[in-house]
Amino acid sequence: MEDNKDFINKNYIEYVKGVSPKTNQKRTLLHAFWVGGVICSIGQTFRYLLQFGFNLSGDELSGYVSMIMIFLGAFLTGLGIYDRIGKYAGGGSIVPITGFANSVVSPAIEFKTEGFIYGTAAKMFVIAGPIIVFGIVSSVIVGLLYFIGFRIF
């Protein structure tokens, strides 16, 4: 019985290797590296423009840069450009904050045919929802602990 199981597993592994597309790992990593770097460089450029052009600093500067990058990620997703960037760059496009914007907007666009409530609004946070919920819940807990005087940090 055990020999038959090993035979089936070996055949399955050989089948998967036969039908799986071959990838050039070095090229894929290079694409991810340089596209992720370009996205981060764009964010850094906006940071310098806001810092020196509008004299912003600290949290205000970080907030504006984040909003601009989230807008660009959502806008490019809506135009269908970010998906092409993602196919080319793989993980290099999902690591920056623009990838988070893409993960919120993509399901909303995909399910818009099901209507505004049951399609767009319900499916918008399928991927990003758990991250947002965890962030909100943990920040409320830390805020309450801080408010009652339990200083952790």
Once you round to the nearest 0.5 Å, how far does [atom1] of [X] lie from [atom2] of [Y]?
X     : Y     : atom1 : atom2 : result
Ser41 : Arg47 : OG    : CZ    : 13.5 Å
Glu60 : Leu50 : CD    : CG    : 9.5 Å
Leu30 : Asn24 : CG    : CG    : 9.5 Å
Leu49 : Tyr64 : CG    : OH    : 15.0 Å
Phe71 : Ile97 : CZ    : CD1   : 14.5 Å
Tyr88 : Ser93 : OH    : OG    : 12.0 Å

Should [X] and [Y] be counted in the same cluster of Ile, Leu, Val, Met, Phe, Trp and Tyr side chains packed under 4.5 Å apart?
X     : Y     : result
Trp34 : Ile42 : yes
Val65 : Phe75 : yes
Val38 : Leu79 : yes
Ile94 : Phe33 : no
Ile70 : Ile81 : yes

Minimum heavy-atom distance between [X] and [Y], given as atom pair plus value:
X      : Y     : value
Lys17  : Lys22 : O-NZ, 2.8 Å
Ala101 : Ala74 : CB-N, 3.8 Å
Ser106 : Asp83 : OG-OD1, 3.9 Å

Ser103 side-chain N/O to Phe100 backbone N/O, donor-acceptor pair under 3.5 Å: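 Confirmed, Ser103 side chain pairs with Phe100 backbone.
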Side chain to side chain, Val105 and Tyr82, heavy atoms closer than 4.5 Å: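 Result no, sub-4.5 Å side-chain heavy-atom pair not found.
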By side chain to side chain donor-acceptor pair (under 3.5 Å) - contacts of Thr77 (at least two apart):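 Per chain and number, Thr77 pairs via side chain to side chain donor-acceptor pair (under 3.5 Å) with Asn102.
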